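This is a predicted model, so every value here is computed, not measured.
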Amino acid sequence: MRERSQRIVLLGSYPPNYGGISVHIWRLHRSLATTQSVAVLDMFNGKEAPAVDAVHRLAGNPLISLFRARWLLDQLDAGILHVHVSAFSKFLLTAPVLLTGGAQRARILTIHGGKLGQNLEAFSPWQLRLFDWTLARFNHIVCVSEAQRALLLERGVDAKRMSVINAYLPPLPHSNPSLFAPLEQRRRDGKRVLLVAAQFLPHYGLLDLLEALHRLPSSVRSSVCLAHVSYLDADDPYRAACQDAVGDLDYVAFDNLEPPDMAAWLALGDVFVRPTWWDGDAVSLREACYFGNRIVATDVTTRPDGAVLCPARDSDALSAALQQVLEDDNVGKVSFDHLASKRRLEAVYTDVLG
């Protein structure tokens with residue numbers, strides 16, 4: 001058997017996209033590249049994106065991009081193809097090309113995000129058949145939550161072919177540019193910095209959070225600053241509603257931070273808030289823990305032990321949770337092994353290669 005020129009190929013998105021999948025693949029690429037040969041097929045950025053060693057930017061004409069990805073898979077001669085997917089309805093249209101023929105290789109699928117159940121409920125019969133066919137093409141499937149695993153067990157996937165591993169790797173070294181001077185000043189003034197990373201879309205719960213902050217006692221509300229990072233898509237009417245709801249809150253906004261800047265932003269926080277209506281297992285939440293932020297989050301999925309949880313879409317409950325954390329520095333502390341997911345994923349790689 002000839003030696004493989006690329007042991008692992010990661011397929012998905014890569015920064016400058018700012019979502020959890022992109023950041024995860026970026027960190028995984030950087031981590032794997034220290035010990036073995038690895039390449040990335042970025043299906044979401046084209047040649048106009050920054051050039052990165054061993055990252056192939058493929059976005060453009062969908063058909064050309066798809067067959068170029070297939071051609072590169074054979075040229076790179078991967079021992080492992082590791083596919084990262086969130087929007088399954090789109091991936092199903094590409095799976096027959098990417099997952100048939102060509103060189104024999106081990107395949108791993110990681111399913112990101114919290115919408116798998118909703119996707120399956122919306123699938124037509126032919127999409128469900130194609131979904132099952134696609135899953136059967138993978139040697140191993142990595143779920144980011146037990147809920148995902150339960151859904152796949154219902155579809156008949158063998159439990160031995162699945163693992164539940166958080167899509168989380170520790171943040172890479174970060175900078176701390178003058179971009180964050182406003183937050184540094186708030187900290188010098190003795191304020192608590194609350195962090196939220198949320199698109200201007202209703203299900204991210206930003207409006208719920210703003211309403212919850214207004215419900216805090218004035219003495220507590222005046223002692224905090226809300227630092228908000230928005231990114232990717234936005235619903236303009238919802239954005240306007242959120243901006244109207246800011247009122248007299250101490251609010252500092254940032255848009256589309258690069259991953260190293262995102263890490264620097266997290267390092268300046270005291271409390272990280274995740275008010276979303278549905279979730280996978282938010283990467284940003286775990287990153288915040290890495291920098292010592294205490295956590296307030298909705299209970300829509302499993303959260304790390306120690307996080308203060310409240311129901312989604314309930315600004316009163318969210319306000320009570322925030323007040324609890326802001327009045328007691330021992331509440332909301334989270335501690336876990338930040339390298340556990342990496343070790344478990346490396347074990348999957350070893351297993352599928354036999």
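- Of the charged side-chain nitrogens involved, none lies within less than 4.0 Å of a carboxylate oxygen, so that Asp250 and Arg221 do not count as a salt-bridged pair.
- A salt bridge does not link Arg313 with Asp208: every distance from a Lys NZ or Arg NE/NH1/NH2 to an Asp or Glu carboxylate oxygen is 4.0 Å or more.
- Counting heavy atoms of neighbouring residues, nucleotides and ligands inside a 6.0 Å radius, atom CZ of Phe67 does not exceed 12 of them.
- Remark: of the listed residues Lys333, Arg187, Arg186, Lys191, Arg187 is the sole one forming a salt bridge (Lys or Arg N to Asp or Glu O under 4.0 Å) with Asp270.
- Atom OG1 in Thr134 sits 10.0 Å away from atom CG in Leu98 (nearest 0.5 Å).
- To the nearest 0.5 Å, atoms NE2 (His214) and CG (Leu249) are separated by 3.5 Å.
- Aromatic ring centres of Phe138 and His140: separated by at least 6.0 Å.
- The CG atom of Leu345 sits 9.0 Å away from the OG atom of Ser163 when rounded to the nearest 0.5 Å.
- Between Leu309 and Thr298 the shortest side-chain heavy-atom distance does not fall below 4.5 Å.
- Residues Pro311 and Asp299 come closest through the heavy atom pair CA-OD1, 3.6 Å.
- Both Leu318 and Tyr251 sit in one connected hydrophobic cluster of ILVMFWY residues. Membership requires side-chain heavy atoms under 4.5 Å apart, directly or through other members.
- At least one side-chain heavy atom of Cys242 sits less than 4.5 Å from a side-chain heavy atom of Leu210.
- Taking hydrophobic clusters as Ile, Leu, Val, Met, Phe, Trp and Tyr residues chained together by side-chain heavy-atom distances below 4.5 Å, Leu326 does not share a cluster with Val252.
- Counting all heavy atoms, side chain and backbone alike, Val308 lies closest to Gln324 at CG1-OE1, 3.8 Å.
- Using a 3.5 Å distance cut-off with no hydrogens or angles, the side chains of Ser315 and Arg215 do pair a donor with an acceptor.
- You'll find the side chain of Pro15 reaches within 4.5 Å of the side chain of Trp26, heavy atoms only.
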**Q.** Leu226/Val193 under side chain to side chain contact (heavy atoms under 4.5 Å, CB included): CA gap, chis, key distance, verdict
**A.** CA-CA 6 Å; Leu226 178 64; Val193 176; over 6 Å; no

Would you sort out whether His112 and His24 count as a side chain to side chain donor-acceptor pair (under 3.5 Å), showing the intermediate values? CA-CA 10 Å; His112 294 257; His24 180 70; 5.1 Å; no

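- Without hydrogens or angle criteria, Arg68 side chain to Ala59 main chain gives no donor-acceptor distance under 3.5 Å.
- A continuous path of Ile, Leu, Val, Met, Phe, Trp and Tyr side chains, each step under 4.5 Å between heavy atoms, connects Leu92 with Trp126, placing both in one hydrophobic cluster.
- How far CZ of Phe88 is from CG of Leu130: 9.5 Å, rounded to the nearest 0.5 Å.
- Using modelled atom types, one side-chain atom of Thr276 and one backbone atom of His203 make a donor-acceptor pair closer than 3.5 Å.
- A salt bridge is defined here as a Lys NZ or Arg NE, NH1 or NH2 lying under 4.0 Å from an Asp or Glu carboxylate O, and Asp337 with Lys342 fails to meet this definition.
- Minimum interatomic distance between Arg107 and Leu99 (heavy atoms only, all atoms of both residues): NH2-O, 3.0 Å.
- Here the side chain of Arg294 pairs a donor or acceptor atom with the backbone of Val331 at under 3.5 angstrom.
- Under the 4.5 Å side-chain criterion, counting only non-hydrogen atoms from C-beta, Leu169 is in contact with Leu28.
- Proximity of Leu183 to Cys225: side-chain heavy atoms (C-beta onward) are separated by under 4.5 Å at one or more points.
- For Phe291 and Phe272, the ring centers sit 6.0 Å or farther from each other.
- Annotation for Asp244: atom CG counts as buried by contact number, over 12 foreign heavy atoms lying within 6.0 Å.
- Cluster membership for Phe180 and Leu194, using ILVMFWY side-chain heavy atoms within less than 4.5 angstrom, is not shared.
- Residues Thr110 and Val85 have side chains not in contact (no heavy-atom distance under 4.5 Å, counting atoms from C-beta outward).
- Scanning for side chain to side chain donor-acceptor pair (under 3.5 Å) contacts around Arg30 gives an empty result, with sequence neighbours left out.
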Next item on the list: For the pair Leu10 and Val38, evaluate side chain to side chain contact (heavy atoms under 4.5 Å, CB included) and give the outcome as yes or no after the intermediate values.
Entry: CA-CA 8 Å; Leu10 309 175; Val38 59; 4.2 Å; yes

* To do: Test Leu216 against Leu213 for side chain to side chain contact (heavy atoms under 4.5 Å, CB included), laying out the working first.
  => CA-CA 5 Å; Leu216 289 172; Leu213 289 172; 3.8 Å; yes

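- A donor-acceptor contact shorter than 3.5 Å links the side chain of Asn61 to the backbone of Ile64.
- Judged purely by atom type and a 3.5 angstrom limit, Ser319 uses its side chain to pair as donor or acceptor with the backbone of Ala212.
- Remark: the backbone N or O of Leu73 is paired with a side-chain donor or acceptor of Arg105 at under 3.5 angstrom.
- Val273 and Trp265 fall into different hydrophobic clusters, where Ile, Leu, Val, Met, Phe, Trp and Tyr are joined by side-chain heavy atoms under 4.5 Å apart, directly or via other members.
- Between the side chain of Tyr349 and the main chain of Ile108, no donor-acceptor pair closer than 3.5 Å is present.
- Arg239 has no carboxylate O lying under 4.0 Å from a charged side-chain N of Asp235, or vice versa, which leaves the two without a salt bridge.
- Pairing each heavy atom of Gly306 with each of Val334, the nearest pair is C-CG2, 3.8 Å.
- Looking at Arg27 and Val23, their side chains come closer than 4.5 Å, going by heavy atoms from C-beta outward.
- Here the SG atom belonging to Cys143 is positioned 5.0 Å from the CD1 atom belonging to Ile111, to the nearest 0.5 angstrom.
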Quick one, Val271 with Arg192, criterion side chain to side chain contact (heavy atoms under 4.5 Å, CB included). Give me CA distance, side-chain angles, the key distance, then yes/no. CA-CA 8 Å; Val271 178; Arg192 305 289 184 86; 5.7 Å; no

Any chance you could lay out the side chain to side chain donor-acceptor pair (under 3.5 Å) test for Asp189 and Gln185, step after step, and finish with the verdict?
CA-CA 6 Å; Asp189 292 341; Gln185 183 60 53; 2.9 Å; yes

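- Across Asp42 and Ser13, no two heavy atoms sit closer than the pair OD1-CA, 3.4 Å.
- When each of Leu11, Leu32, Ile25 is tested with Val40 by the rule side chain to side chain contact (heavy atoms under 4.5 Å, CB included), just one qualifies, namely Ile25.
- Within the 3.5 Å criterion, the main-chain N or O of Val144 finds a donor-acceptor partner in the side chain of Gln148.
- A cation-pi arrangement is not found for Arg129 relative to Trp133, the charged atom failing to lie both closer than 6.0 Å to the ring centre and inside a 45° cone about the ring normal.
- When side chains are defined from C-beta on, Glu346 does not count as touching Thr350, because their heavy atoms never get closer than 4.5 Å.
- The two residues Ala69 and Leu41 come nearest to each other via the heavy atoms O-CD1, 3.8 Å.
- Atoms OH and CG, on Tyr231 and Leu257 in that order, are 11.0 Å from each other to the nearest 0.5 Å.
- A donor-acceptor pair is defined here as one N or O able to donate and one able to accept, closer than 3.5 Å; no such pair exists between the side chain of His338 and the backbone of Tyr168.
- No donor-acceptor pair closer than 3.5 Å links the side chain of Gln118 to the backbone N or O of Lys115.
- Taking the six-membered ring for Trp, Phe200 and His228 have ring centres closer than 6.0 Å.
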